[in-house]
Amino acid sequence: MAEDAILGYLAVAEEIPDSGQFASQHGLHHNDVVNVIKSLHGFRYIDAQDIKRESWVLTDEGKKYAADGSPEVQLFLAVPQEGSISKDELQKKLEPSVFKIGCSQAGKNKWVDMGKQVSRKVQHVEDKVKDLLIRVQNVEEIGKDDVNSLKARKLIVAQTWKGYSVRKGPNYAPKRKKVATDLTRENLQRADWKELEFKEYNFNAKGPPAESGHLHPLLKVKQQLKNIFLQMGFEEMPTNNFVESSFWNFDALFQPQQHPARDSHDTFFLEAPSTTRELPEDYVELVKCVHESGGYGSRGYMYDWKREEANKNLLRTHTTAVSTRMLYALAKQPFAPKRYFSIDRVFRNESVDRTHLAEFHQIEGLVCDRGLTLGDLIGVLNDFFSRLGMSKLRFKPAYNPYTEPSMEIFSYHEGLKKWVEIGNSGMFRPEMLLPMGFPEDVRVIAWGLSLERPTMILYGIDNIRDLFGHKVDLSLIKRNPICRLGIN
Ligand code: FB9
């Protein structure tokens, strides 16, 4: 249709100066003409040049007045030729916007006398505005001042019209030759490949996008945090056991058995297997004592410690449970300083909301060495978080059953323009370390944070359910580039 019109027209004419006029002269939609021009240009049947033209188009309000007349004329016609009409009466006869604009325009044009009563001041008026709008609609020229006044009344807006001027191309032919895009068996059998014109190879054509796996944003940030820990000389702890005994998750951490976190409101206890198979009996005895009657300078919690409570299996509530196992194993060896880290899932029976699910990934770091102080903890925290791009830290005294002193960590986040709580930390209590068998002067400083929070902030994800779980929009994972940690 449009193709034959264009190729046919160029058979007799040098050029098609304006695809817009060509379309209207041939009763074609300009878009169809443009698509054909692009395709013929692609095959070099024609040579098309962009042409732009600024034109005015009517706004919706402009279209209304072009159809129904300008508001001032509608108002004028609503005023009786003789006598007058009350303003309220008049208002009822017209749409609110027409009445409002009509009053100001007709008033300005001194067509009517706008008092409590409204009367005509002239016999007849021309609807110049309507005429101008119709001329614009018909792409006819109108004067500069008229353009400005219509523009001022937001009845017309500028529009860039894009079209093409077209000339014959190097492969011009009045009819598009069917170009073969493939040499088929039939072509060979019919030996008609000689006549056939083959489409050029387009070596710049992009192949189909290579579908590949995409790392979940959480895993991208996890990898960067692992790199930071490894660069700081930390060794990763094995976290491949979501199921833990209450002993390693709580008791070994000197967390008393009646501590609120140890009831099913906060912790997922297992039905099967409900109890752990074995614990290091001699060490369990020491833990029992320190809970019940203290020692090592502590008076303990002075309650009856129950083995069956410690035997209960649960989904670990923190990766600190892994730290406990690793520190216990470390204490069995001749002492050597150690830096450990873990990043893995922990489970808490919490109500789900925008930032909390029943599970999240905990990041934990610990340094075990002789004579470590709170200063060393603050030092390693500044080092660690500065590598995450968080340099300005503040510390707020906090409480954990297994660390004393403990501190919540805050950082001023330039992007969010506020102080953000970025983690918790402390020095493991002697009641935890000494029963393990560590020498008196060995101290362990540790800290923890979540993986979800930094990932949500870095990827600008507002609701944790958009980050993790069955509602995640996979395209988000596909589309999201790596956010470089440490770069604001
Ligand atoms: O991750 C947390 N906040 C955070 C971290 C990084 C971050 O980076 C942004 C790019 C800039 C932003 C925010 N928090 C810890 C703080 C809060 O979100 C807190 O409300 C929620 N916390 C979780 C626990 O919720 C019950 C985050 C999680 C958390 C808290 C404490 C520990 C671990 C995870 C710990 C510990 C610990 C303490 C002493 C010794 C050993 C471990």
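Note that ligands are numbered from 1 as they come in the structure, with each ligand's atoms numbered from 1 the same way. Since this is a predicted model, take the numbers as computed values, not measurements.
- If you look at E364 next to ligand 1, the close heavy atoms, those under 4.0 Å, all belong to the side chain.
- Looking at H413 against ligand 1, only its side chain comes within 4.0 Å, counting heavy atoms.
- The CZ atom of R316 sits 9.0 Å away from the CG atom of N249 when rounded to the nearest 0.5 Å.
- Here N424 has heavy atoms under 4.0 Å from ligand 1 in both its backbone and its side chain.
- The line from CZ of F250 to OG1 of T320 is 10.5 Å long, rounded to the nearest 0.5 Å.
- How far CG of L270 is from OG of S246: 10.0 Å, rounded to the nearest 0.5 Å.
- Looking at S425 against ligand 1, only its backbone comes within 4.0 Å, counting heavy atoms.
- Taking a 4.0 Å cut-off on heavy atoms, E452 fails to register as neighbouring ligand 1.
- For the 3.5 Å distance criterion, the side chains of R176 and S39 qualify, holding a donor opposite an acceptor.
- Against a heavy-atom cut-off of under 4.0 Å, A446 is close to the following atoms of ligand 1: 40 (C), 41 (C).
- Taking the six-membered ring for Trp and the full ring otherwise, F428 and F254 have centroids separated by 6.0 Å or more.
- Nearest heavy atom pair, residue D251 against residue V287, reads O-CG1, 3.6 Å.
- Among M407, R453, M456, the residue whose heavy atom sits closest to atom 13 (C) of ligand 1 is R453.
- Annotation: S450 places an N or O atom under 3.5 Å from an N or O atom of ligand 1; distance criterion only.
- The closest approach between M390 and ligand 1 falls below 4.0 Å for a heavy atom of the residue.
- Inclusion of E421 in the set of residues having an N or O under 3.5 Å from an N or O of ligand 1 is warranted.
- Residue-ligand proximity, L449 to ligand 1, at heavy-atom distances under 4.0 Å covers atoms 1 (O), 5 (C), 6 (C), 33 (C), 34 (C).
- Aromatic pair H259/Y301: ring centres not closer than 6.0 Å.
- Considering CD of E431 and OH of Y402, their distance stands at 14.5 Å, rounded to 0.5 Å.
- Near R348, meaning under 4.0 Å from any of its heavy atoms, are these atoms of ligand 1: 24 (C), 25 (O), 26 (C).
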